[in-house]
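Read through the structure below, which is laid out as structure tokens, and then see the notes.
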Amino acid sequence: LPLIDPGGNSSPDIVCAEPYYEMLEGWHVQEALNLFYTLRMLRRKGIVQPSCSVMPKEAKILGCAVQLDGIGEAYRGGYEVFSTNFATKVSEASIIRGFEHEAALSHAGRYHTFSANFPLWQYHHTFLSKPFELATLPYHDGGEIRQNGEVTKCEFTQEGMCDGIVFWVEYTFRSKDGADSVMSTLTRSHKQGVQLLKARQEITNENIKYGIWLSCKATFGGLDACEDQKIELLQFTSKDPISGRH
């Protein structure tokens with residue numbers, strides 16, 4: 001961004017961001033956060049003024065419960081304790097689309113503690129809920145991240161075995177006629193974030209009939225070990241079919 005253009009203006013009228021960063025390509029939550037923090041820095045330095053238009057105007061981080069038969073088995077692991085002779089233990093769960101994932105299995109016991117990235121379209125998967133909003137990053141007004149650190153509900157609509165949630169980013173753009181347009185990273189052209197559960201959770205039609213949901217929380221900033229974001233899968237809650245209580 002030039003601080004002063006040939007016309008003598010001291011600040012830009014429009015900031016247009018193309019969400020591509022060499023070191024962050026494919027890590028879409030980090031890309032969205034990088035833009036948020038860059039704009040905040042430019043506003044604090046007085047380079048971007050309140051009158052400046054920003055494109056996109058916001059980024060929503062959305063999630064959905066998912067059944068991942070291949071990823072869920074291979075990246076969760078089949079052993080509670082991994083011994084030094086692990087290489088001699090071969091599990092059918094380590095084979096996905098004909099490729100061995102044994103090296104990943106050695107870390108699978110803790111794969112639920114952090115997010116991973118996968119091109120989801122390459123793996124068999126089934127969505128078990130409607131999309132839900134984890135957080136919103138506002139770019140146009142310089143506001144704070146909405147729903148930061150708040151617990152949100154992922155309500156199930158489909159029976160199956162829940163392996164975790166998949167999350168992605170949707171960028172919202174203003175158009176001349178006032179209508180918004182959206183660019184989503186839930187496509188074959190992008191990778192998606194995946195947060196696995198420590199153990200699979202069966203979701204039955206009876207659960208869905210009476211109501212069942214997974215509590216999730218997305219936190220940004222102020223984390224240990226200089227981490228910039230964390231997505232937590234907290235607990236399942238279902239209604240008692242007799243009393244209706246949780």
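Not measured: the values here are computed from a predicted model. Both backbone and side-chain heavy atoms feed into the values below; hydrogens, waters and symmetry mates do not.
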To the nearest 0.5 Å, how far apart are [atom1] in [X] and [atom2] in [Y]?
{"X": "Lys230", "Y": "Phe114", "atom1": "NZ", "atom2": "CZ", "value": "14.0 Å"}
{"X": "His124", "Y": "Gln67", "atom1": "NE2", "atom2": "CD", "value": "7.5 Å"}
{"X": "Thr204", "Y": "Ile208", "atom1": "OG1", "atom2": "CD1", "value": "7.0 Å"}
{"X": "Leu68", "Y": "Leu128", "atom1": "CG", "atom2": "CG", "value": "9.0 Å"}
{"X": "Cys64", "Y": "Gln158", "atom1": "SG", "atom2": "CD", "value": "10.5 Å"}
{"X": "Cys154", "Y": "Phe167", "atom1": "SG", "atom2": "CZ", "value": "13.0 Å"}

With a 3.5 Å cut-off and sequence neighbours excluded, list the donor-acceptor pairs that the side chains of residues 129-140 form with protein atoms.
from   : atom 1 : to     : atom 2 : distance (Å)
Ser129 : OG     : Ala65  : N      : 2.9
Glu133 : OE2    : Thr136 : OG1    : 2.3
Tyr139 : OH     : Ala32  : O      : 2.8
His140 : ND1    : Lys57  : O      : 3.0

Is there side-chain contact between [X] and [Y], with at least one heavy-atom pair below 4.5 Å?
{"X": "Ile212", "Y": "Thr237", "value": "no"}
{"X": "Asp180", "Y": "Arg174", "value": "yes"}
{"X": "Ile47", "Y": "Pro12", "value": "yes"}
{"X": "Val54", "Y": "Arg43", "value": "yes"}
{"X": "Lys217", "Y": "Ile231", "value": "no"}
{"X": "Thr152", "Y": "Gln147", "value": "yes"}
{"X": "Val29", "Y": "Phe220", "value": "yes"}
{"X": "Arg146", "Y": "Glu144", "value": "no"}

State, to 0.1 Å, how close [X] and [Y] come at their nearest heavy-atom pair, and which atoms those are.
{"X": "Tyr171", "Y": "Pro56", "value": "CD2-CG, 3.6 Å"}
{"X": "Ser184", "Y": "Leu186", "value": "OG-N, 3.0 Å"}
{"X": "Leu233", "Y": "Gln195", "value": "CD1-O, 3.5 Å"}
{"X": "Glu202", "Y": "Asn207", "value": "O-OD1, 3.8 Å"}

Side chain to side chain contact (heavy atoms under 4.5 Å, CB included) between Val194 and Asn117, intermediate numbers included: CA-CA 6 Å; Val194 175; Asn117 254 19; over 6 Å; no
Determine whether [X] and [Y] fall in the same hydrophobic cluster, where Ile, Leu, Val, Met, Phe, Trp and Tyr are linked whenever their side-chain heavy atoms lie under 4.5 Å apart.
{"X": "Tyr123", "Y": "Leu196", "result": "yes"}
{"X": "Met55", "Y": "Tyr37", "result": "yes"}
{"X": "Met161", "Y": "Phe236", "result": "no"}
{"X": "Leu197", "Y": "Val151", "result": "no"}
{"X": "Ile203", "Y": "Leu234", "result": "no"}

Side chain to side chain contact (heavy atoms under 4.5 Å, CB included) between Val66 and Ile165, worked out: CA-CA 5 Å; Val66 66; Ile165 67 164; 5.7 Å; no
Option from His190, Lys191, Arg188 for which side-chain contact (heavy atoms from CB on, under 4.5 Å) with Trp121 holds: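 Exactly one option meets the side-chain contact (heavy atoms from CB on, under 4.5 Å) with Trp121, and it is Arg188.
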Worked check of side chain to side chain contact (heavy atoms under 4.5 Å, CB included) between Glu31 and Val169: CA-CA 9 Å; Glu31 289 173 350; Val169 177; over 6 Å; no
Basic-acidic side-chain contact under 4.0 Å: Asp69, Arg200: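 Between Arg200 and Asp69 there is a salt bridge, with a charged N closer than 4.0 Å to a carboxylate O.
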Glu170 with Lys60: basic N within carboxylate O range, under 4.0 Å: no
Side chain Gln192, main chain Trp168, donor-acceptor under 3.5 Å: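 Such a contact is absent between Gln192 side chain and Trp168 backbone.
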